Amino acid sequence: MTHDHYFTAEPASADERRTVDVELAGRRLVVETAGGVFSPDHVDLGTQVLLRSVPAPPTDGDLLDLGCGWGPVALELALRSPRARVWAVDVNRRALDLVGRNASRAGLTGVRAVEPDDVPDDVRFATIWSNPPIRVGKEALHALLLRWLPRLEPGGTAWLVVGRNLGADSLQRWLAEQLPEHRVERAASAKGFRVLGVTSP
Ligand SMILES: C[S@@+](CC[C@H](N)C(=O)[O-])C[C@H]1O[C@@H](n2cnc3c(N)ncnc32)[C@H](O)[C@@H]1O
């Protein structure tokens, strides 16, 4: 078996596109997915826990899906907040192509699918929703979180879903140490996942 990582810019596995029926924000959608992206056959269980646990997103402003994959989180944000700009960010170009196509197909014009460096530096986020890439390793994960969480607007909250056995509790402690001005809380716990909330001062 080849071990293709879904978190590279150009995944090695075949770019075989498929369509999958999903339900997001109470709507049935047909989405396009492919090999070489995270959870191509269904909305990942951790992502489902995230989407069910978090409060309604702000209706306007800039919202971030950090590590968007084929886009379930970005699509949910855009369905629930059609007036907002939803930044769908990933390093995987195949994933970015998919989320762009999935947003267009659903008529969601507020979604911007871009690589991390293509988000203008002055953009601040009213909320961040993320199923972050734990498998990139602790150092890369920590760098990713310290890059994006400080870009919350004052009072804005980042919601992160992390597997309990993938270090959710130690990540919560680390976040509290690194971001002492932020409020770090465990907002939900279900099906082996924790949802962490990180609120900017
Ligand atoms: C656990 S997956 C979640 C995908 C999608 N949000 C979902 O719920 O199905 C994490 C995603 O983060 C992406 N990723 C990895 N490193 C990243 C980075 N440095 N910046 C942004 N995204 C990254 C991966 O390519 C992957 O698509």
Side-chain angles (χ1 to χ4, degrees), residues 3-13 15 18-25 29 31-54 57 63-80 86-103 106 108 111-119 121 123 125 127-151 158-168 171 190-196:
H3 211 72
D4 186 20
H5 290 302
Y6 57 79
F7 46 82
T8 52
E10 305 286 354
S13 63
D15 189 358
R18 56 190 104 153
T19 53
V20 181
D21 292 316
V22 296
E23 192 176 314
L24 292 168
L29 292 184
V31 294
E32 195 177 319
T33 72
V37 299
F38 179 77
S39 193
D41 297 320
H42 58 272
V43 178
D44 169 70
L45 186 58
T47 302
Q48 290 181 37
V49 169
L50 174 76
L51 297 180
R52 285 189 202 137
S53 316
V54 295
L63 318 182
L64 173 64
D65 170 8
L66 179 56
C68 59
W70 57 259
V73 174
L75 296 171
E76 172 105 6
L77 283 168
L79 286 163
R80 292 173 69 174
V86 177
W87 297 89
V89 169
D90 210 294
V91 289
N92 179 331
R93 299 204 184 102
R94 190 177 296 171
L96 292 177
D97 179 57
L98 290 166
V99 71
R101 292 167 67 84
N102 289 331
L108 299 169
V111 175
R112 300 185 179 189
V114 294
E115 293 183 40
D117 288 346
D118 292 335
V119 180
D121 286 342
V123 173
F125 303 103
T127 192
I128 299 173
W129 288 14
S130 183
N131 181 347
I134 302 298
R135 295 192 189 279
V136 295
K138 206 187 254 188
E139 210 175 306
L141 173 70
H142 287 176
L144 178 79
L145 295 173
L146 289 184
R147 173 176 183 176
W148 294 98
L149 297 186
R151 293 182 62 175
W159 302 104
L160 313 171
V161 65
V162 183
R164 218 168 36 207
N165 61 6
L166 291 177
L171 185 66
K191 301 186 175 169
F193 294 90
R194 307 264 204 239
V195 176
L196 305 180

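Nothing fancy with the numbering, it's 1 onward along the sequence. Note that ligands are numbered from 1 as they come in the structure, with each ligand's atoms numbered from 1 the same way. Bear in mind that the values here come from a model prediction, so they are computed numbers and not experimental data.
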Side chain, backbone, both or neither: which part of Leu144 has a heavy atom under 4.0 Å from ligand 1? side chain
So which bit of Cys68 gets within less than 4.0 Å of ligand 1, heavy atoms only: side chain, backbone, both or neither? backbone
More than 12 heavy atoms of other residues, nucleotides or ligands under 6.0 Å from CZ of Arg135: is that the case? no
The closest protein heavy-atom partner of atom 9 (O) of ligand 1 is Phe38 CD2, 3.3 Å
Counting N and O atoms only, with roles assigned by atom type, does the side chain of Trp129 sit under 3.5 Å from a partner on the main chain of Leu51, one being a donor and the other an acceptor? no
Report the nearest protein non-hydrogen atom to atom 27 (O) of ligand 1: residue, atom name, distance rounded to 0.1 Å. Asp90 OD2, 2.6 Å
Indicate yes or no: does Asp44 engage Lys191 in a salt bridge with an N to O separation below 4.0 Å. no
Nearest neighbour of atom 16 (N) of ligand 1 from the list Leu51, Val91, Leu45, on a heavy-atom basis: Val91
Among all the protein's non-hydrogen atoms, which is closest to atom 14 (N) of ligand 1, and how far away is it? Pro133 CG, 3.7 Å
Would you say the side chain of Leu96 lies within less than 4.5 Å of the side chain of Cys68, judging by non-hydrogen atoms? yes
Taking a cutoff of less than 4.0 Å between a non-hydrogen atom of the residue and any ligand atom, is Asp44 in contact with ligand 1? no
What pairs with His142 under side-chain contact (heavy atoms from CB on, under 4.5 Å), at least two apart in sequence or on another chain? Lys138, Leu171, Trp174
Could you say whether the N/O atoms of Gly67 and ligand 1 ever approach to under 3.5 Å? yes
Pro133 and Phe38, any side-chain heavy atoms less than 4.5 Å apart: no
Check whether any heavy atom of Ser39 sits under 4.0 Å from an atom of ligand 1. no
Short version for Asn131: what comes under 4.0 Å of ligand 1, heavy atoms counted, is both
I want to check something: taking the side chain as every heavy atom from C-beta on, are Phe125 and Leu149 in contact at a cut-off of under 4.5 Å? no
Which pairs of donor and acceptor atoms, one on a side chain in residues 158-165, lie under 3.5 Å apart (sequence neighbours left out)?
none

Decide whether an N or O pair under 3.5 Å exists between Thr47 and ligand 1. yes
